[in-house]
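What follows is a single structure, written as structure tokens, with notes after it.
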Amino acid sequence: MPAKTTMDAARAVPAEAVTPLIRGVAVLGQLTEAGGTLSASGLERATGLARSTVDRIASTLARMGYVRLDGRDVVLAPRVMELGNAYLAALGLPALLSSHADALADELDESVSLAVGDRDGIRFIHQATRRRAMSLSFRIGDLLPAERTAPGPLFATEWTDAQWQTWRERRAADPQDREFPAVPPREHVSPDEDFERRAERARKDGWALDDQLIEPGLVAVSVPVRDPRAGGRIACVANVVSHTSRHTAPDLRDTLLPRLRAAVAQMERELREAPQPQPQPGAAPAGLAVWTGASKQELGREFVESLARGLTVLTAFGEGRAELTLTDVARATGLARATARRALITYEHLGLVRQSGERTFALTPRVLSLGYPPLSRASLSEIATPHLAELADRVHESASLAVLTPSGEEIQYTARAATSRVMSVNITIGTRLPAYATSLGRVLLADAPAGARQLASSLGELHPLTPHTITDPAILATVLEEVRTRGYALVDEELEEGLRSVAVPVRDRTGRAVAAVNVAMHAARRSVEECVREVLPELVETAGRVEGDLRVAGRFARVAVS
């Protein structure tokens, strides 16, 4: 859950709040703080809920695809990121500004982030990190105390007296920042006046420094991005982070601050010139009432209908739907007005929704605390592995995920689920094999930008690995065209005698095949016809599930493919 303050504890739960929804949010918050995985007994201790209640919530979230149940553990699943995606889409800033942050990170060869204010803290909405032994570990959605960051003083320049009071109360109640799991506990508590002076200086300078406030060696410089459409108020803060082995704090100010300011000027120009998003109330999801009713009938007490319907309210918001009335929310979700109203009251109490006008509501950055940080750096192999395991269990054969190497000559295995058989396909993650002789490789080669015939001829000499291996570039080109047309590749004893495999592509949001999944088996266990009839449909379904998770996870976060 987000950092609590004494003000939070003093607020009474509204009579119309949905208790199961409060409990479900608490479970998602604790899973997030734990890094994405907790046992049911661990959730029981962390939330203070009864074990039976935890089990019912976990069962409901699993039905929604927000978690998966792995033995005794409850594990966050990529689909839960649709909650945070709703906030980021409604905010609009990542879509407009992330490319500028990425370009600056490339130019400076340093990590660049975008942050928004979240009450008396800051929360990241975009990260462009550098791959180094010592690199930034913060993730999209992480919450940091304002006083230990460079963006914090800038946001504090716009705080009201009430917000300053909230900050002081939180500092008194949690002097070591234990409620902020993204940062190490504070060793030495600085006086409140230190941050107040930093905020005043940030007001005068228009920028702020973090000189090892979070941990030794970490330094940062920040500049506010002001929204001309909102009277010049701070929309977000651009932040460049480095290590003292590369830059001191004064060096950041002298060498990188001018370039950061130039990038911020481009961001502000983007905000000024961007067309206002057109209101898109959105249609109600097809069959939500039918789905929840069927789930309740199937799972009985193990499905908490009010939790499932309540979480759907958050997904009513999005691009062109930053501010919604109660009627809008009810229409977009298909829920009764009374149900939507109680959910909004609950979320307002939890700080996930705020009233943005006389009759409208908007999401707050706190929505990102519901599962987003642990999953925002998930790789494709991590996303695919649970689906491969389920596929292997269903077909009783080994399943794998692979990508094409930059040269296009080989595939590399990045995820795998093996079965226990006396005779099984024994391939380890990291193994490379020639692309032309594998089903995985042919699926990826067939989708490559170059024409299949041109690509086949550019692979160089094709060596026979078995008597069945296709080595004629013209024939391979024809085969690749067939693979492209039918959407799958079946390779029969071309890589190794007795080995038969079938593969399909895994496509990203743009439709490009970024990886492939396959099932491999001994030729004696299934004929070619049985592979197509029995295995291929299961394989297509698995690829679809991986693609669905990839679309959600990759909407605002960068998913590593290799």
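For reference, positions follow the sequence shown, starting with 1. These numbers were taken from a predicted model, which means no experiment stands behind them. Only this structure's heavy atoms are used, side chains among them; waters, hydrogens and symmetry mates stay out.
Under the 4.5 Å side-chain criterion, counting only non-hydrogen atoms from C-beta, L88 is in contact with L368. T438 is not listed as a side-chain neighbour of V491, based on a closest heavy-atom distance of 4.5 Å or more. With a 4.5 Å cut-off on side-chain heavy atoms, S398 and V519 do not count as touching. P464 is listed as a side-chain neighbour of T471, based on a closest heavy-atom distance under 4.5 Å. By the 4.5 Å heavy-atom criterion applied to side chains, T485 and E482 are not counted as neighbours. Side-chain contact check for L271 versus L97: some heavy-atom pair is nearer than 4.5 Å. Residues P434 and L465 form a side-chain contact, since some pair of their non-hydrogen atoms from C-beta on lies under 4.5 Å apart. Between H100 and V264, every side-chain heavy-atom pair lies at or beyond the 4.5 Å cut-off.
Shortest non-hydrogen contact noted between H126 and A101 is CD2-CB, 3.8 Å. The two residues F317 and A322 make their nearest non-hydrogen contact at CD2-O, 3.8 Å. The two residues A392 and T419 come nearest to each other via the heavy atoms O-CG2, 3.7 Å. Heavy-atom minimum distance, L440 versus A516: CD2-O, 3.3 Å. When all heavy atoms of S439 and N518 are compared, the pair lying nearest together is OG-ND2, 3.5 Å. The heavy-atom pair separating L391 from A399 by the smallest distance is CD2-CB, 3.8 Å.
Electrostatic pairing of E530 and R525 does not count as a salt bridge here, judged by no charged N lying under 4.0 Å from a carboxylate O. Ion pairing between a basic and an acidic side chain is recognised when a charged N comes within 4.0 Å of a carboxylate O; D109 and R246 show no such pairing. Taking the charged nitrogens against the carboxylate oxygens, E82 and R555 have no contact shorter than 4.0 Å, which rules out a salt bridge. Salt bridge status for R432 with E410: present, with a side-chain N to carboxylate O gap under 4.0 Å.
Counting only residues at least two apart or in different chains, salt bridge (charged side-chain N to carboxylate O under 4.0 Å, His left out) contacts with residues 531-541 comprise R394-E538, R526-E534, E541-R545.
L314 contributes atom CG, which lies 7.0 Å from atom CG of L370 (distance to the nearest 0.5 angstrom). From R259, atom CZ reaches atom CZ of R261 across 15.0 Å, with rounding to the nearest 0.5 Å. Once rounded to the nearest 0.5 Å, the distance linking CD of E494 with CG of L462 reads 10.5 Å. Separation of atoms CD1 (I383) and CD (E547) is listed at 12.0 Å; rounding is to 0.5 Å. One finds the CD1 atom of I125 at 13.0 Å from the OG atom of S376 (value rounded to the nearest 0.5 Å). For the atom pair I57 CD1 and L28 CG, the distance stands at 9.0 Å (nearest 0.5 Å).
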(message) Between S381 and T414, is the side chain to side chain donor-acceptor pair (under 3.5 Å) condition met? List the steps.
(response) CA-CA 6 Å; S381 61; T414 58; 5.4 Å; no
(message) Does R63 form a salt bridge (Lys or Arg N to Asp or Glu O under 4.0 Å) with E302? I'd like the steps, not just the answer.
(response) CA-CA 10 Å; R63 183 73 166 191; E302 296 305 302; over 6 Å; no
(request) I would like to know whether R309 and E305 meet salt bridge (Lys or Arg N to Asp or Glu O under 4.0 Å); could you show each step before the answer? (result) CA-CA 6 Å; R309 290 181 173 178; E305 203 166 358; 3.0 Å; yes
(request) Quick one: do V514 and R507 satisfy side chain to side chain contact (heavy atoms under 4.5 Å, CB included)? Show the steps, please. (result) CA-CA 6 Å; V514 293; R507 301 186 183 278; over 6 Å; no
(message) Run L260 and N239 through side chain to side chain contact (heavy atoms under 4.5 Å, CB included) and show every step you take.
(response) CA-CA 8 Å; L260 174 58; N239 188 49; over 6 Å; no
(message) For R68 and V74: C-alpha separation, side-chain torsions, deciding distance, then whether side chain to side chain contact (heavy atoms under 4.5 Å, CB included) applies.
(response) CA-CA 6 Å; R68 57 185 176 85; V74 181; over 6 Å; no
(request) Go through H468 and T466 one step at a time and tell me if the side chain to side chain donor-acceptor pair (under 3.5 Å) criterion holds. (result) CA-CA 5 Å; H468 308 283; T466 75; 5.2 Å; no
(request) Carefully, step by step, assess Y372 and D142 under the rule side chain to side chain donor-acceptor pair (under 3.5 Å). (result) CA-CA 8 Å; Y372 215 91; D142 272 336; over 6 Å; no
(request) List the steps and the verdict of side chain to side chain donor-acceptor pair (under 3.5 Å) for T315 and T312. (result) CA-CA 5 Å; T315 63; T312 304; 5.3 Å; no
(message) Walk me through whether V240 and L108 qualify under side chain to side chain contact (heavy atoms under 4.5 Å, CB included).
(response) CA-CA 9 Å; V240 177; L108 303 181; 4.0 Å; yes
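A donor-acceptor pair is defined here as one N or O able to donate and one able to accept, closer than 3.5 Å; such a pair exists between the side chain of R442 and the backbone of Y436. No donor-acceptor pair under 3.5 Å is formed between the side chain of R366 and the backbone N or O of L352. For the pair R123 (side chain) and D118 (backbone), a donor-acceptor distance under 3.5 Å is absent. With S113 contributing its side chain and Q127 its backbone, the two residues share no donor-acceptor pair below 3.5 Å. A donor-acceptor pair is defined here as one N or O able to donate and one able to accept, closer than 3.5 Å; no such pair exists between the side chain of D73 and the backbone of V75. The main-chain N or O of V552 is found under 3.5 Å from a side-chain atom of N85 such that the two form a donor-acceptor pair. D227 places no side-chain N or O within donor-acceptor distance of the main-chain N or O of A235, the cut-off being under 3.5 Å.
The one candidate from V353, L363, V329 that meets the side chain to side chain contact (heavy atoms under 4.5 Å, CB included) condition with L324 is V329.
Under the 30°/60° scheme for interplanar angles, the aromatic rings of F303 and W291 are found to stand perpendicular.
In this structure, R486 forms a cation-pi arrangement with Y488, its terminal cationic atom sitting closer than 6.0 Å to the ring centre and no more than 45° off the ring axis.
Counted by atom type alone, R72 and S39 present zero donor-acceptor pairs between their side chains at under 3.5 Å.
For T510, the side-chain hydrogen bond (donor to acceptor under 3.5 Å, both in side chains) partners are D508, not counting sequence neighbours.
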